[in-house]
Student: 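One structure, as structure tokens, below. Some questions next.
Everything numeric in this text was worked out from a predicted model, so none of it was measured. Protein chains get the first letters and strands the later ones, always in sequence-line order, with residue 1 at the start of each.
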2 protein chains.
Amino acid sequence: MADSETWQETLRAGGYRLTPQRELVLTAVDTLGHATPDQVYAEVRRHSTAINLSTVYRTLELLDELGLIRHAHIEERTPTYHSTAGHEHFHLVCHHCRNVISLSSERIERFRRELVDEHGFQVDVGHLTIFGTCAACAAAPSGESRDDPDGSD
Amino acid sequence: MADSETWQETLRAGGYRLTPQRELVLTAVDTLGHATPDQVYAEVRRHSTAINLSTVYRTLELLDELGLIRHAHIEERTPTYHSTAGHEHFHLVCHHCRNVISLSSERIERFRRELVDEHGFQVDVGHLTIFGTCAACAAAPSGESRDDPDGSD
DNA sequence: GTATTTGCAAAGTTTTTGCACGTGG
DNA sequence: CCACGTGCAAAAACTTTGCAAATAC
């Protein structure tokens, strides 16, 4: 993880170059909070046309390897990237309204420890996504609170 | 969930017909434990050539809607289907060796309750996949225990 | 008999790749 | 300068769709 290093230092330390595209992608992920490659591309294009979708894919993969961003599986079949600038967190995603709630990794600490103690399994908290039904959607008898008419996934 | 109904009754109750293809797909998912559409297709083909890949996709979707199977996201961008015949469970998946450990929903009961109490969020346990590092891979300094040379995802 | 389901082939989406050109260090 | 990175276009991988033929009931 980038700890106290700047992203520039992290790239350099890995033997990678600082390019405008890499900065644009990193900034876009920070701005968006959570974003699929397509969304990152769209966000970058708002600031500059000087980027190609395949570069976005390559850059996201690189930044993920370097720990400057992380990805989880919030959408059905596209990874969703998020910044690692803040505290480590995981996600609750509502099946119905697709709202995403971010929770600090402290909230899962006890359960995480149980899995280590009993199974020797170390949870990757930053990658964790928990699906279910949020309070609002559970309360709505039909689907009044839904942004998305389809309750799939 | 299919509770005490047979799969035949569940299909009928939904107004759907009993077809050989639907039985073959359901059996394949039960046999495989966890499987992507491709793997289900391959398994079905071992018993019969009388099925088409698009039918597999359509059938998996239908069986999922009816609760006869469930899907989680174990692979990078393909849903993985599993039977609902046994007890409800969730999955631990190792990033490195890709081994899948199934745990009974009881194992997550306390944490599940915390999320309900504090956030009103009801976890969909059957859909839950937790990524991390298994005991064997944590012990292996380089990567001796890996089936998969790549530690991605 | 007839509405549902399937097979087939074609189209749609999303992601990856090869390669020549451009550029950061 | 020169190895690394990017744009472009084409290919690959995966999934969905339209429609005629087959079939469950």
Student: Indicate yes or no: at least one non-hydrogen side-chain atom of B/Leu103 is less than 4.5 angstrom from one of B/Ile108.
Tutor: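 No, their side chains stay 4.5 Å or more apart.
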
Student: Charged N to carboxylate O below 4.0 Å: is that the case for A/Glu114 and B/Arg107?
Tutor: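 So A/Glu114 pairs with B/Arg107 through a salt bridge.
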
Student: Quick one: which protein N/O atoms are closer than 3.5 Å to N/O atoms of nucleotides 22-25 of chain D? Pair and distance per line, please.
Tutor:
from	atom 1	to	atom 2	distance (Å)
D/dA24	O3'	B/Leu18	O	3.3
D/dA24	N3	B/Arg17	NH1	3.0
D/dC25	OP1	B/Leu18	N	3.0

Student: Please examine the side chains of A/Arg110 and A/Arg113, heavy atoms only from C-beta on, and report whether any two atoms are closer than 4.5 Å.
Tutor: no

Student: Parallel, tilted or perpendicular: which describes the rings of B/Phe90 and A/Phe111, with under 30° parallel and over 60° perpendicular?
Tutor: tilted

Student: Quick check, are the ring centers of A/His127 and A/His71 under 6.0 angstrom apart?
Tutor: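 Yes.
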
Student: Whole-Å distance between C/dT16 P and A/Leu60 CG?
Tutor: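 It is 10 Å, rounded to the nearest whole Å.
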
Student: Run the ring-centre check on B/His89 versus B/His91 and record whether the distance is less than 6.0 Å.
Tutor: yes

Student: Generate the contact string for nucleotides 8-20 of chain D. Rules: B means base contact, S means sugar-phosphate contact only, - means no protein heavy atom under 4.0 Å.
Tutor: B-----SSBBB--

Student: Please assess B/Glu9 against B/Arg12 for the test salt bridge (charged side-chain N to carboxylate O under 4.0 Å, His left out), listing each intermediate value before the final yes or no.
Tutor: CA-CA 5 Å; B/Glu9 290 168 338; B/Arg12 284 249 176 68; over 6 Å; no

Student: Could you tell me how far apart B/Leu26 (CG) and C/dT5 (P) are, to the nearest whole angstrom?
Tutor: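 Rounding to the nearest Å, CG of B/Leu26 and P of C/dT5 are 15 Å apart.
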
Student: Given the rule in the side chain to side chain contact (heavy atoms under 4.5 Å, CB included) test, do A/Leu11 and A/Leu62 qualify, once you have shown the distances and angles that lead to the verdict?
Tutor: CA-CA 9 Å; A/Leu11 275 172; A/Leu62 176 66; 4.2 Å; yes

